[in-house]
Trainee: 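There's a structure below that I have some questions on.
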Amino acid sequence: KEPIGAGDRRTLEAIREQVEQLPFHLRSTYGGNTTCVEVETPDGLFILDSGSGLRELGRSLQHRWNDPAFTGKREAEVLITHPHMDHSYATPFFASYYDPQNSFRIWGSESVVESLNALLKPESEMSNVYFPPTFDLMQAIKELKPIHAGEEMVFGSTRISAMELNHPGGCFAFRFECQDRSFVFATDHEQLKVPDPSLVAFSKEADLLYTEGQYTQAEYDGEEPVGDATMSRKGWGHTPVEACVKSAVAAGVKRLHLGHYDPARTDEEIARIERLFQEQLRSLVEPLQPGYGMAEVLIPYEGMTVEL
């Protein structure tokens with residue numbers, strides 16, 4: 001190939017600058033993997049949920065940990081909110097579990113531990129039914145530990161508390177607190193009251209609240225379709241975007257991220273919903289809390305990094 005000249009470089013830079021000025025959904029993509037969030041504190045590495053995004057995280061971790069310059073610990077705590085497949089089924093696809101140099105503990109409710117054992121324990125009747133590898137091959141998994149609502153886990157200066165959410169089969173929210181910073185992860189929750197008293201109390205003045213953006217109010221009520229289907233989503237364990245924003249404002253959180261969007265969404269539809277709750281936020285804040293403002297309110301995309 002011919003070498004790129006100075007004029008060509010200037011042209012490429014000009015194009016790049018123009019692309020960066022486009023709205024996010026036109027220059028990139030939100031991604032389509034199900035829930036998996038990496039959290040790093042001075043005390044360790046934590047992984048929230050084992051949706052299909054866990055596979056990509058495994059590739060990234062192995063790349064980082066196998067770098068000759070890496071000198072840290074090859075370990076992490078995995079917290080699974082609930083056993084539904086979109087939050088747990090990537091467990092056997094996580095490359096880091098198969099490397100005996102690594103060390104992981106998996107935390108979850110009794111139902112999470114039972115479901116993983118039912119599918120992946122070698123002696124289980126369900127063993128090999130959905131995927132050949134079992135726990136005996138995943139040598140990096142050192143322990144499966146059950147946790148309960150109201151329980152607090154301490155890792156150095158990092159404290160993690162768990163709260164029960166309203167979701168079919170049960171689900172946990174987690175609040176991280178470390179060095180005067182707080183992060184609340186509360187996906188898969190159907191709010192029965194708006195604002196939701198339990199979520200407001202649990203998220204009070206958090207630096208960042210991650211909750212869900214599965215439906216709009218009209219979709220939840222069955223007045224508008226999601227994909228090709230128009231039906232009520234009440235009782236499905238998810239909350240309309242509008243209600244999530246109201247609870248976040250009532251809790252006084254500093255930043256709000258709405259994830260767990262419906263897989264039928266296009267990038268353009270996700271961007272539209274993001275604008276919807278940004279506009280709603282502006283109309284809510286002054287009447288509810290004069291002088292209060294969020295530093296950031298958005299729908300996160302895959303690969304996004306947030307520093308608190």
Side-chain angles (χ1 to χ4, degrees), residues 35-51 53-54 56-58 60-82 87-88 91 94-97 99-110 112-113 116 138-165 171-187 199 201-211 251-255 257 259 295-296 300 303-308:
T35 309
C36 180
V37 174
E38 178 184 5
V39 178
E40 187 174 3
T41 77
D43 305 296
L45 185 67
F46 305 87
I47 298 171
L48 299 176
D49 275 340
S50 300
L54 185 70
E56 295 299 322
L57 176 57
S60 174
L61 277 183
Q62 289 303 99
H63 178 76
R64 280 181 267 165
W65 288 353
N66 290 333
D67 188 312
F70 180 77
T71 58
K73 296 180 179 179
R74 300 174 63 107
E75 62 183 35
E77 309 293 336
V78 182
L79 284 69
I80 300 180
T81 59
H82 63 302
H87 293 259
S88 64
T91 298
F94 186 49
S96 300
Y97 283 157
D99 189 336
Q101 300 177 85
N102 304 335
S103 178
F104 296 91
R105 284 186 295 181
I106 299 177
W107 303 74
S109 64
E110 296 281 359
V112 166
V113 173
L116 290 176
M138 303 177 204
Q139 297 180 42
I141 298 178
K142 305 305 181 185
E143 194 175 7
L144 271 68
K145 292 186 68 68
I147 54 177
H148 305 88
E151 187 174 340
E152 186 178 83
M153 295 162 282
V154 180
F155 304 90
S157 61
T158 300
R159 293 180 175 271
I160 306 174
S161 49
M163 182 188 79
E164 184 77 25
L165 295 176
C171 184
F172 281 156
F174 296 110
R175 180 176 178 123
F176 285 72
E177 295 183 345
C178 182
Q179 297 183 349
D180 297 322
R181 295 289 186 272
S182 54
F183 165 52
V184 174
F185 184 75
T187 184
L199 183 60
F202 193 68
S203 307
K204 196 68 177 177
E205 298 180 349
D207 290 284
L208 172 61
L209 167 63
Y210 176 104
T211 188
V253 303
K254 298 178 178 65
R255 299 160 86 172
H257 289 181
E296 181 178 77
M304 183 176 182
T305 300
V306 179
E307 185 173 347
L308 298 182

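Remember, it's a predicted structure, so these values are computed and weren't measured experimentally.
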Trainee: Is there side-chain contact between Leu308 and Arg255, with heavy atoms separated by less than 4.5 Å?
Mentor: yes
Trainee: Between the main-chain N or O of His148 and the side-chain N or O of Glu151, is there a donor-acceptor pair closer than 3.5 Å?
Mentor: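 Present.
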Trainee: Please examine the side chains of Met153 and Leu79, heavy atoms only from C-beta on, and report whether any two atoms are closer than 4.5 Å.
Mentor: yes
Trainee: What are the two closest heavy atoms between Ser96 and Gly58, and how far apart are they?
Mentor: OG-O, 3.5 Å
Trainee: Could you point out which residue of Leu165, Ile147, Thr187 forms a side chain to side chain contact (heavy atoms under 4.5 Å, CB included) with Phe172?
Mentor: Ile147
Trainee: Show your working on ring-ring contact (aromatic ring centres under 6.0 Å, His included) between Tyr97 and Phe104 and close with a plain yes or no.
Mentor: CA-CA 8 Å; Tyr97 283 157; Phe104 296 91; 5.1 Å; yes
Trainee: Using the side chain to side chain contact (heavy atoms under 4.5 Å, CB included) rule, take Phe202 and Ser161 through it: C-alpha gap first, then chi angles, then the decisive distance, then the call.
Mentor: CA-CA 9 Å; Phe202 193 68; Ser161 49; 3.7 Å; yes
Trainee: Flag the pair Glu152 and Arg159 as a salt bridge only when some basic side-chain nitrogen lies within less than 4.0 angstrom of an acidic carboxylate oxygen.
Mentor: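 Answer for the salt bridge query: yes.
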Trainee: Determine, using ring centers only, whether Phe174 and Phe185 are less than 6.0 Å apart.
Mentor: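 For Phe185 and Phe174, the ring centres are not under 6.0 Å apart.
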Trainee: Do you know which two heavy atoms are closest between Phe155 and Arg105, and how far apart they sit?
Mentor: CE2-NH2, 3.6 Å
Trainee: Do Glu296 and Lys254 come within less than 4.5 Å of each other through their side chains, counting heavy atoms only?
Mentor: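 No, every pair of side-chain atoms sits at 4.5 Å or beyond.
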Trainee: Would you say that Leu116 contacts Leu144 through its side chain, given a criterion of any heavy-atom pair below 4.5 Å between the two side chains?
Mentor: yes
Trainee: Should Arg64 and Glu38 count as an ion pair when the cut-off is N to O under 4.0 Å?
Mentor: yes
Trainee: Could you check whether any side-chain heavy atom of Gln62 comes within less than 4.5 Å of a side-chain heavy atom of Arg74, counting everything from C-beta outward?
Mentor: yes
Trainee: To the closest 0.5 Å, what do you measure between CG (Leu61) and NE2 (His63)?
Mentor: 11.5 Å
Trainee: For the CG atom on Asp180, are there more than 12 heavy atoms of other groups (residues, nucleotides or ligands in this structure) within a distance under 6.0 Å?
Mentor: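 At most 12 heavy atoms, drawn from other residues, nucleotides or ligands, come within 6.0 Å of this atom.
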Trainee: To the nearest 0.5 Å, tell me how far Lys145 NZ sits from Ile106 CD1.
Mentor: 12.5 Å
Trainee: Taking all atoms of both residues into account, what is the closest heavy-atom pair of Cys36 and Gly53, and its distance?
Mentor: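 Here Cys36 and Gly53 meet closest at CB-C, 3.7 Å.
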Trainee: With the side chain counted from C-beta on, respond yes when Phe183 and Val39 share a heavy-atom pair under 4.5 Å apart, and no when they do not.
Mentor: yes
Trainee: Tell me whether Lys142 at atom NZ has more than 12 heavy atoms from other residues, nucleotides or ligands lying less than 6.0 Å away.
Mentor: yes
Trainee: Can you give the donor-acceptor pairs under 3.5 Å from side chains of residues 42-50 to other protein atoms, not counting sequence neighbours?
Mentor:
unit_1, atom_1, unit_2, atom_2, d
Asp43, OD1, Ser157, N, 3.2
Asp43, OD1, Ser157, OG, 3.4
Asp43, OD2, Ser157, N, 3.2
Asp43, OD2, Ser157, OG, 2.6
Asp43, OD2, Thr158, N, 3.0
Asp43, OD2, Thr158, OG1, 2.6
Asp49, OD1, Thr81, N, 2.8
Asp49, OD1, Thr81, OG1, 2.9
Asp49, OD2, Thr81, OG1, 2.9
Asp49, OD2, His87, ND1, 2.7

Trainee: Can Trp107 and Ile160 be said to form a side chain to side chain contact (heavy atoms under 4.5 Å, CB included), step by step?
Mentor: CA-CA 12 Å; Trp107 303 74; Ile160 306 174; over 6 Å; no
Trainee: The criterion is side-chain contact (heavy atoms from CB on, under 4.5 Å); which residues satisfy it with Ser182, sequence neighbours excluded?
Mentor: Arg175, Glu177, Ala206, Asp207
Trainee: Should Glu75 and Asn102 be marked as a side-chain hydrogen bond (donor to acceptor under 3.5 Å, both in side chains) after you check the CA-CA gap, both sets of side-chain angles, and the distance that decides it?
Mentor: CA-CA 6 Å; Glu75 62 183 35; Asn102 304 335; over 6 Å; no
